[in-house]
Student: 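Structure provided below as structure tokens; questions to follow.
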Amino acid sequence: MTTATTTRVRHQFRTPRVEDAHTLWQMVDQSDALDNNSPYYYALWCRDFASTSLVATVEDNIVAFLTGYFRPDEPDTYLVWQEAAKPCHGIPFLGVKLFERAADRAVEQGARFIEATVSADNKAIIMVLKKVAKRYSADVHTHILFPSDLFPGEHHDEVLYRIGPLAPPAP
């Protein structure tokens, strides 16, 4: 008699370190959906904004990351800058889990609002934003923050999703 066993991939969340910058840059560079920044940018981000960002690891290998920060002119507003995951990481709903963990941390640090800019075509992240809003019993407001004509070449409008005010998360 044989029995089937399933192996669950165990992941952990932690703050990024400067030495993670190259991996983050590679993940974005290999993505068609994300705007890439320089490797130097990711090194600075991992140094200066590590406390408001997260990486997901499996056996010490980074499989996903989320960068975010508190807006200087609105210190109760946490802006999610970028989120990426390696394909085939084996963790169901990793992007949702990562976003929710970052949101929980932001709320613990005083966030009343969460913002993210998104292409209108990015249905997956829009679903995540709506899920987070529901979890926090919050409204979602949208408007075009930066029209496409501000950017060179082919670029979409950057639609701002603003979630809040945030209530304690639903269990």
Student: Between Lys97 and Pro92, is there a donor-acceptor pair closer than 3.5 Å when you use the side chain of the first and the backbone of the second?
Tutor: yes

Student: Donor-acceptor pair, distance only, cut-off 3.5 Å: does the side chain of Thr15 make one with the backbone of Ala50?
Tutor: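 Checking the backbone N and O of Ala50 against the side chain of Thr15, no donor-acceptor pair under 3.5 Å is found.
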
Student: State whether the side chain of Ser53 and the backbone N or O of Gly68 hold a donor-acceptor pair below 3.5 Å, judged by distance alone.
Tutor: yes

Student: Check which hydrophobic residues are tied to Leu145 through side-chain heavy-atom contacts below 4.5 Å, counting indirect links as well, and list them.
Tutor: Phe146, Leu150, Phe151, Leu160

Student: Applying the 4.5 Å side-chain criterion to the ILVMFWY set and letting contacts propagate, would Ile62 and Val80 be lumped into a single cluster?
Tutor: no

Student: Before giving the answer on side chain to side chain donor-acceptor pair (under 3.5 Å), spell out for Gln26 and Tyr42 the whole-Å C-alpha distance, their side-chain angles and the decisive distance to 0.1 Å.
Tutor: CA-CA 10 Å; Gln26 282 182 313; Tyr42 290 98; over 6 Å; no

Student: Quick check: does any side chain N or O of Asp157 sit under 3.5 Å from a backbone N or O of Ser148, one acting as donor and the other as acceptor?
Tutor: yes

Student: Is it the case that the side chain of Glu158 and the backbone of Ala116 share a donor-acceptor pair, with hydrogens and angles ignored and the cut-off at 3.5 Å?
Tutor: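 The answer is no, because no donor-acceptor pair under 3.5 Å joins these two groups.
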
Student: Can we say Arg71 and Glu115 salt-bridge, meaning some charged N sits less than 4.0 Å from an Asp/Glu carboxylate O?
Tutor: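 Yes, Arg71 and Glu115 are salt-bridged.
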
Student: Within the distance-only criterion (no hydrogens, no angle test), does the side chain of Asn122 pair as donor or acceptor with the backbone N or O of Ser119 below 3.5 angstrom?
Tutor: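 Side chain of Asn122 to backbone of Ser119: no pair is present.
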
Student: Check Lys134 with Asp139, please: is the shortest side-chain N to carboxylate O separation under 4.0 Å?
Tutor: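 Here Asp139 does not pair with Lys134 in a salt bridge, since their nearest N and O are not under 4.0 Å apart.
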
Student: Under 4.0 Å between a side-chain nitrogen and a carboxylate oxygen: does that hold for Asp60 and Arg14?
Tutor: no

Student: Any luck finding a side-chain donor-acceptor pair between His155 and Asp35 under 3.5 Å?
Tutor: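 Yes, Asp35 and His155 have a side-chain donor paired with an acceptor closer than 3.5 Å.
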
Student: Strictly distance-based, threshold 3.5 Å: is any side-chain N or O of Tyr78 a donor or acceptor partner for the main-chain N or O of Thr52?
Tutor: yes

Student: Where the side chain of Arg162 meets the backbone of Thr77, is there a donor-acceptor pair that is under 3.5 Å apart?
Tutor: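 No.
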
Student: Tyr136 and Asp104: side chain to side chain donor-acceptor pair (under 3.5 Å), yes or no, with the steps?
Tutor: CA-CA 10 Å; Tyr136 281 97; Asp104 290 346; 2.3 Å; yes

Student: Taking the inter-plane angle between the rings of Phe49 and Tyr69 on a 0 to 90° scale, is it parallel (under 30°), tilted (30 to 60°) or perpendicular (over 60°)?
Tutor: tilted

